[in-house]
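Taking it in order: structure first as structure tokens, then the write-up.
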Amino acid sequence: MSQTSRSHVLVFRELPPDQLARLQAVHDVTVANPRVAGQEAAFMAALQQAQGLIGSSYAITPALLAAAPQLRVISSISVGVDNYPLEALAQCGITLCHTPGVLTETTADTIFALLMATSRRIVELSNHVREGRWDRNIGESLFGNDVHGKTIGIMGMGRIGQALARRAALGFDMQVIYDNPFTVPDAQLGALAGKVRHVSRAEVLAQSDFVVSVLPLTEETRNCMNAQAFASMKPGAIFINGSRGGIVDEAALVAALDKGQLHAAGLDVFQKEPLPLDSALRTHPKVVPLPHIGSATHETRYAMARLATDNLLHVLAGQPEQACVFTGIAA
């Protein structure tokens, strides 16, 4: 990496010590997490001189950008960019980096775990044992359903969608159909070539035993899983959301579960996070809710932090071509 003058960097979510040290070796660094009591004032003060930001899970608004007149780059420790005002960044000439690729397999693991948990009623039956209610062999009322050999419909066939399809088709002999703006070329599919079919959204909903969303959140996808979509699903199907909570009309999902239209739902993301205590999804007997843990393993979160640090250092050194710069829909 070429030498450059020291810049001011604001770290707004904690980094692993070795990655923080990399930044401190070549730049002037302020660590201030605005979500932590007592640190918001330091965060706002540091914005005035910040030329680089690095962090995640905090909404960077146009108002915050106005308070950061020297800002050149934001390096997000995430693949999604929902927390950033893309138009405002473009107007200000600020580069936005993210961390695609390094979380693909881990997120696909989480989504498939939700699929297994909902179908085989893993959480419910584990609690059956924990609560001392396992006093005889379980009867049909507690049976689950097979996963192998079933049809999975994947909404979105980017990196994570393809990783999910590999688990389903190659590991569980599932029939895989997918909805995507374009047909993924066989050369990109690799071992999946000939084992997945590109179909319409309507066909995914109508034919799938499991409908799994790995869609990005856009104006087109916001609330796309609404009452009409759930009513279009195969009776007794399972819905899994491992992408963004904003694609789901949560009231409509609860209604579909209550009516018996859907067998179950597995959710790692929600419209509001953390999930409010009064949300019906929190305690619904047909829902397996998780606290947005798609990429939450030690290995993957470290890899994300390292890549985000790389991205920031490259852009500040005048080497944006070596960084993962966000240029379109995150997949």
Using a 4.5 Å cut-off on heavy atoms from C-beta on, say whether the side chain of [Y] contacts that of [X].
{"X": "Phe270", "Y": "Leu281", "value": "yes"}
{"X": "Ile154", "Y": "Asp179", "value": "no"}
{"X": "Thr95", "Y": "Ile74", "value": "no"}
{"X": "Ile54", "Y": "Leu23", "value": "yes"}

Exercise for the section: Please round to the nearest 0.5 Å and tell me the distance separating atom CZ of Phe12 and atom CD of Gln39. Expected result: 13.0 Å
Exercise for the section: Identify the heavy atoms of Ser5 and His27 that sit nearest to each other, and give their distance. Expected result: O-CE1, 4.0 Å
Practice task
Kindly say whether Pro285 contributes a backbone atom to a donor-acceptor pair with the side chain of Glu124 at under 3.5 angstrom?
Solution key: no
Handout entry: Gln162 (side chain) donor-acceptor with Leu189 (main chain) under 3.5 angstrom
Key = no
Electrostatic pair [X]:[Y] at N-O distance under 4.0 angstrom:
{"X": "Asp146", "Y": "Arg120", "answer": "no"}
{"X": "Glu105", "Y": "Arg167", "answer": "yes"}
{"X": "Arg244", "Y": "Glu273", "answer": "no"}
{"X": "Arg22", "Y": "Asp310", "answer": "yes"}

Exercise for the section: Using the six-membered ring wherever Trp is involved, compare the ring planes of Tyr178 and His198 and label them parallel, tilted or perpendicular (cut-offs 30° and 60°). Expected result: parallel
If we ignore angles and hydrogens, is there a donor and acceptor under 3.5 Å between the side chains of [X] and [Y]?
{"X": "Ser213", "Y": "Ser243", "result": "yes"}
{"X": "Asp28", "Y": "Gln51", "result": "no"}
{"X": "His128", "Y": "Arg133", "result": "yes"}

Exercise for the section: Evaluate the ring pair (Phe, Tyr, Trp, His ring centres under 6.0 Å) criterion for residues Phe326 and Tyr84: first the C-alpha distance (whole Å), next the side-chain angles of each, then the deciding distance (0.1 Å), finally the verdict. Expected result: CA-CA 11 Å; Phe326 180 78; Tyr84 305 98; 9.2 Å; no
Practice task
Count the heavy atoms belonging to other residues, nucleotides or ligands that lie under 6.0 Å from CD of Gln70, then report whether that count exceeds 12.
Solution key: yes
Problem - Contacts of type side-chain contact (heavy atoms from CB on, under 4.5 Å), residue Ser295, not counting sequence neighbours - result: Leu103, Thr107, Thr300, Arg301, Met304
